[in-house]
Colleague: 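Below are the structure tokens for one structure; questions will follow.
Just so we're on the same page: letters track the sequence lines, and every chain starts at 1. Bear in mind the structure is a predicted one, so any value in this text is a computation, not a measurement.
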Amino acid sequence: MIRTRFAPSPTGPLHMGGVRTALYAYLFAKQHNGQFVLRIEDTDQNRYVPGAEEYILEALTWCGIIPDEGVGFGGKHEPYRQSERKHKGFYMDYAKRLLNSGNAYYAFDSADDLDIARKNAEAAGVHGWQYDASTRMNLRNSLSLAEQETKHLLDQGTSYVIRLKVQPGQTLTFTDMVRGEVSFDSTLVDDKVLIKADGMPTYHLAHIVDDIMMEITHAIRGEEWLPSAPAHILIYQSLGIPMPQYAHLPLLLKPEGNGKLSKRDGDRLGFPVFPLQWKDPITGEVSSGYREKGYYADSFINMLALLGWNPGTEQEVFSLDELVKIFSFDRVHKSGARFDPDKAKWFNEQRLRHTDDAILGEHFYHELKNILGADHPLATLSYATGAVKLLKERVQFENELYETGKYLFEAPTSYDDKVISKRWNDAAKVFLQNLPDVLSSVPEFTAELTKAAFEKLAIDQGIKPGEVLQLFRVIMSGQGSGVDLFGMVALFGKDEVFERINRFQSAY
RNA sequence: GGCCCGUUCGUCUAGGGGUCUAGGACAUCUCCCUUUCACGGAGGAAACACGGGUUCGAUUCCCGUACGGGCUACCA
């Protein structure tokens, strides 16, 4: 049974890179009829942000990335929140195992002590000082101190951390699902803190303990974790437990400039970095979300899936179910992918184009009731559907429908001067006077028949239809460009068309 | 600085020793369609980072360099 997990920290809203990580983990699990687990890694109490956990749940749900178990979903490995698991003593149990096997030790140095050690090293010209085999005997820990002293300090309740004892000089190798074989020299790995002074485990210990206990078979995470992978190999080795398969995903990069996509890039560059809108509980600052911007969850996911992965075919539009079928780690890229906001919109546009008019009409109908009022004569399903048919190809988002076709809902209050000055002349005036009668004679007020009648009248009067078409468009909508003219006429119906003609005539 | 990872059009990417005259998509430009604007269609411009090897042959394999990215906390 394949089991993957997504394990975010509730330090703020999930950003789109995190969503992609969750997505890949989900796709992989589902493809193999496995399970996908949501675990909350809240071991840093200082960085806890209220509302962040709820946000994560809501965001994943919106995206359709539904966990089989986890916080908010239950499951046989409860609890799924690390702060709660800490209280069960899980992490300390494993730390003790490491201590007992001689693979970990107590360290009593304060954060300040280490700061000083680091600064001294820096002053002596040593870069990158670290707590490791080369320095640990000069520091205060159960390896450098006499046994009784350690015991004494512990009995006294002296503050301590538990560190991993890294054996230098080994080559640590593992096979990454996207990168293949990767190796490191253990000499460069520091003695990572496993249990912090506050009793909480660090990420390094916690994720391993939980992955073991939750029977995770594939650990999928961002590339920023690759450098700490050797420490994780060592922990598994010391525990004598086989390591799950790891996959380190390439990062999402800023659309312009250098570096990875960060929370701050979003609204500054005019696109959201978060799936859902987020209001910072402290500053009150609001960051936009894809959902609120009008993106379909499917398109958002589709776009994310293709950032760093591709199916190897030329198909680009996929549903979640299709992605589940064809996703694979060997087609995940190794290098970072620069995010392109324009392409993101294109995915939405594609999905909108392929959505049935009836469904779009339904949505638009609800929107119209909100905008115009439920008792407005145009707030009907049939009018909304008719309008959608005319507007569909001109927008990328459903929420652009109304603004794009505003003239379909209100008569013009002004008319495009350029067209008027060019086309409004005596011949046009006569034409317009005759137009209502001609349009009235049409057996059915359809686009085809009104168009034919319109053109016939023009020809009968000795003018080219082209000379009055755009004028008529302006009379109908106020503007020189827009949706199909006779489609609009048919949608309006006879009364509204006459009404708009009268309106124009009384203005000119 | 050190360590790790990476490098094909502006962007996402296909390809992977000869078929590469390097393919697709977004964006961009031109033309066509059209009453307009879109849509759609056709076409254009646009890339194998550089230097050494290996080889009959390298964009593809190896090594360097450059550049980019990540990490370098009692944060995840």
Side-chain angles (χ1 to χ4, degrees), chain A residues 7-11 41-44 46-47 82 107 109-111 114-115 118 122 125-131 159-163 176 178-179 182-185 187-190 192-204 206-207 221-230 248 250-251 253 255-256 258-260 303 306-317 331 333-347 349-350 353 391-395 404 416 419 451 454-455 464-474 477 479-486:
Chain A
S9 302
T11 54
E41 309 220 327
D42 56 348
T43 54
D44 187 349
N46 302 320
R47 294 211 306 159
Q82 291 184 331
D109 322 85
S110 69
L114 298 180
D115 233 36
R118 233 172 242 121
E122 194 74 35
V126 179
H127 278 290
W129 179 90
Q130 59 182 24
Y131 208 120
S159 172
Y160 68 86
V161 300
I162 296 175
R163 284 181 181 271
D176 186 88
V178 341
R179 277 150 225 283
V182 184
S183 42
F184 303 84
D185 177 358
T187 311
L188 281 335
V189 179
D190 67 330
K192 294 220 177 313
V193 170
L194 266 15
I195 299 281
K196 301 186 262 186
D198 64 3
M200 279 288 190
T202 56
Y203 168 81
H204 306 294
H207 95 274
R221 55 169 31 165
E223 193 192 349
E224 70 269 25
W225 291 110
L226 197 50
S228 50
H248 291 93
L251 267 15
L253 273 21
E256 44 193 70
N258 299 332
K260 63 174 172 178
M303 175 274 290
L306 274 289
L307 232 38
W309 169 86
N310 76 86
T313 65
E314 282 173 4
Q315 186 180 349
E316 292 194 275
V317 178
R331 298 201 66 92
H333 259 242
K334 297 181 181 74
S335 49
R338 214 177 262 274
F339 168 64
D340 180 0
D342 280 335
K343 188 86 187 234
K345 289 181 185 165
W346 178 81
F347 280 104
E349 177 185 315
Q350 289 302 305
R353 294 283 156 71
L391 294 165
K392 187 180 184 179
E393 313 264 88
R394 329 177 71 82
V395 298
T404 304
D416 187 325
V419 178
K451 183 178 186 193
F454 182 97
E455 284 173 348
K464 287 186 205 143
E467 289 172 35
V468 280
L469 274 164
Q470 212 186 5
L471 177 69
F472 185 47
R473 168 182 294 288
V474 171
S477 71
Q479 45 192 74
S481 69
V483 302
D484 178 66
L485 179 51
F486 291 95

Colleague: Determine the Euclidean distance between corresponding C1' atoms of B/rG10 and B/rU19; express it in Å to zero decimal places.
Modeller: 29 Å
Colleague: Quick check for you: among B/rG1, B/rU35, B/rC4, whose closest atom lies nearest to any side-chain atom of A/Leu485?
Modeller: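 Taking heavy atoms from C-beta onward, the closest nucleotide is B/rU35.
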Colleague: Would you indicate what A/Gly308 reaches in the nucleic acid, counting non-hydrogen atoms under 4.0 angstrom: base, sugar-phosphate, or nothing?
Modeller: sugar-phosphate
Colleague: Can you tell me the Watson-Crick or wobble partner of B/rG6, both distances under 3.5 angstrom?
Modeller: B/rC67
Colleague: Mind checking the CG-CE spacing from A/Asp340 to A/Met303? Nearest 0.5 Å is all I need.
Modeller: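 One finds 9.5 Å between CG of A/Asp340 and CE of A/Met303.
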Colleague: Please state the C1' separation for the pair B/rG40 and B/rU34 - nearest whole angstrom.
Modeller: 11 Å
Colleague: Mind calculating the distance between CG (A/Leu253) and P (B/rG6) to the nearest angstrom?
Modeller: 15 Å
Colleague: If B/rU54 has a Watson-Crick or G-U wobble mate with both distances under 3.5 Å, name it; if not, just say none.
Modeller: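 When the pairing criteria are applied, nothing turns out to pair with B/rU54, so the answer is none.
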Colleague: What is the nucleic acid contact for A/Thr11, judged by heavy atoms within less than 4.0 Å: base, sugar-phosphate only, or nothing?
Modeller: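 Nothing, no heavy atom under 4.0 Å.
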Colleague: If I compare all heavy atoms of A/Gln470 with all of A/Gly480, which pair ends up nearest, and what's the gap?
Modeller: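 It is NE2-O, 3.0 Å.
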Colleague: Is the shortest side-chain N/O distance from A/Lys343 to OP1 or OP2 of B/rU13 below 4.0 Å?
Modeller: no
Colleague: Determine the interplanar angle of the A/Trp129 and A/Tyr131 rings, folded into 0 to 90°, and report it as parallel if under 30°, tilted if 30 to 60°, perpendicular if over 60°.
Modeller: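 Rings of A/Trp129 and A/Tyr131: perpendicular, as their planes differ by over 60°.
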Colleague: Between B/rC75, B/rC4, B/rU35, which nucleotide has the shortest distance from any of its atoms to the side chain of A/Thr202?
Modeller: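 From the listed options, B/rC75 comes nearest.
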Colleague: B/rU7 and B/rG43: how far apart are their P atoms, nearest whole angstrom?
Modeller: 32 Å
Colleague: So how far is it from A/Asp416 CG to A/Gln479 CD, rounded to the nearest 0.5 Å?
Modeller: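 It is 8.0 Å, given to the nearest 0.5 Å.
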Colleague: Please determine whether a side-chain nitrogen or oxygen atom of A/Asn310 lies at a distance below 4.0 Å from atom OP1 or OP2 of B/rU13.
Modeller: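 Indeed not, no polar side-chain atom of A/Asn310 lies that close.
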Colleague: Could you check whether the rings of A/Phe486 and A/Phe472 sit parallel, tilted or perpendicular, using 30° and 60° as the cut-offs?
Modeller: tilted
Colleague: Is the phosphate of B/rC71 approached by A/Lys192 (side-chain N or O, under 4.0 Å from OP1 or OP2)?
Modeller: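 So the side chain of A/Lys192 is outside the cut-off, no N or O lying under 4.0 Å from OP1 or OP2 of B/rC71.
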Colleague: Choosing from B/rG1, B/rG15, B/rC12, which nucleotide comes nearest the side chain of A/Arg331?
Modeller: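 Ranking B/rG1, B/rG15, B/rC12 by closest atom to the A/Arg331 side chain puts B/rG15 first.
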Colleague: For the side chain of A/Asn258, starting at C-beta, report the closest nucleotide among B/rG68, B/rA76, B/rC74.
Modeller: B/rG68
Colleague: In the strands shown, is B/rU35 matched to any nucleotide by a Watson-Crick or G-U wobble pair with both distances under 3.5 Å, and which?
Modeller: none
Colleague: Side-chain contact, heavy-atom cut-off 4.5 Å: A/Ser228 with A/His204?
Modeller: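 Side-chain contact under 4.5 Å: yes.
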Colleague: Which nucleotide, if any, forms a Watson-Crick or G-U wobble pair with B/rG1, using both distances under 3.5 Å?
Modeller: B/rU72
Colleague: Which value, rounded to the nearest 0.5 Å, describes the distance between A/Phe339 atom CZ and A/Glu256 atom CD?
Modeller: 11.5 Å
Colleague: A/Gly482 or A/His333: which one's nearest nucleotide on RNA chain B is closer to the 5' end?
Modeller: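 Of the two residues, A/His333 wins.
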Colleague: OP1, OP2 of B/rG70 versus side-chain N and O of A/Arg179: anything below 4.0 Å?
Modeller: no
Colleague: Among B/rU35, B/rG69, B/rC12, which nucleotide sits nearest the side chain of A/Leu251?
Modeller: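 The listed nucleotide nearest to A/Leu251's side chain is B/rG69.
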Colleague: Looking at CD of A/Glu349 and CD of A/Glu393, how far apart are the two atoms once the value is rounded to the nearest 0.5 Å?
Modeller: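 A/Glu349 CD to A/Glu393 CD: 9.0 Å, rounded to 0.5 Å.
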Colleague: Both distances below 3.5 Å, Watson-Crick or wobble geometry, any strand: find the nucleotide opposite B/rU19.
Modeller: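 Its partner is none (no Watson-Crick or G-U wobble pair with both distances under 3.5 Å).
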Colleague: Just call it for A/Gly128: base, sugar-phosphate, or nothing, with non-hydrogen atoms closer than 4.0 Å on any strand.
Modeller: base
Colleague: Please state the C1' separation for the pair B/rU8 and B/rG15 - nearest whole angstrom.
Modeller: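 Pairwise C1' distance, B/rU8 against B/rG15, rounds to 9 Å.
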Colleague: Quick one: label A/Ala111 by what it contacts on the DNA or RNA (base, sugar-phosphate, nothing), any heavy atom closer than 4.0 Å.
Modeller: base
Colleague: Between B/rC74, B/rG69, B/rU11, which nucleotide gets closest to the side-chain atoms of A/Asp340?
Modeller: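 Comparing B/rC74, B/rG69, B/rU11 against the side chain of A/Asp340, the answer is B/rU11.
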Colleague: Paired with B/rU59 by Watson-Crick or G-U wobble geometry, both distances under 3.5 Å: which nucleotide is it?
Modeller: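 None - no nucleotide pairs with B/rU59, as no candidate has both distances under 3.5 Å.
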Colleague: What nucleotide, of B/rA25, B/rG70, B/rA73, holds the atom closest to the side chain of A/Trp346?
Modeller: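 Out of B/rA25, B/rG70, B/rA73, the nucleotide with an atom closest to A/Trp346's side chain is B/rA25.
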Colleague: Between B/rC71, B/rG69, B/rG24, which one does the side chain of A/Glu316 approach most closely?
Modeller: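 The nucleotide sitting nearest to the side chain is B/rG24.
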Colleague: Which listed nucleotide (B/rC39, B/rU13, B/rA76) is nearest to the side chain of A/Glu393?
Modeller: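 The answer is B/rC39, which lies nearest to the side chain.
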Colleague: What I want to check is whether an N or O donor and acceptor connect the side chain of A/Arg338 with the base of B/rU11 at under 3.5 Å.
Modeller: no
Colleague: Within the pair A/Lys260 and B/rG6, is there a side-chain N or O less than 4.0 Å away from OP1 or OP2?
Modeller: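 Answer is no, no contact under 4.0 Å.
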Colleague: With the side chain of A/Val182 defined as its heavy atoms from C-beta on, choose the nearest nucleotide among B/rC74, B/rG1, B/rC4.
Modeller: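 Among B/rC74, B/rG1, B/rC4, the one nearest the side chain of A/Val182 is B/rC4.
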Colleague: So does A/Thr313 get a side-chain nitrogen or oxygen closer than 4.0 Å to the phosphate oxygens (OP1/OP2) of B/rG24?
Modeller: no
Colleague: Between A/Leu307 and A/Glu349, which has a closest nucleotide on RNA chain B that is more 5'?
Modeller: A/Leu307
Colleague: Has A/Arg163 got a side-chain N or O lying under 4.0 Å from the OP1 or OP2 atom of B/rC74?
Modeller: yes
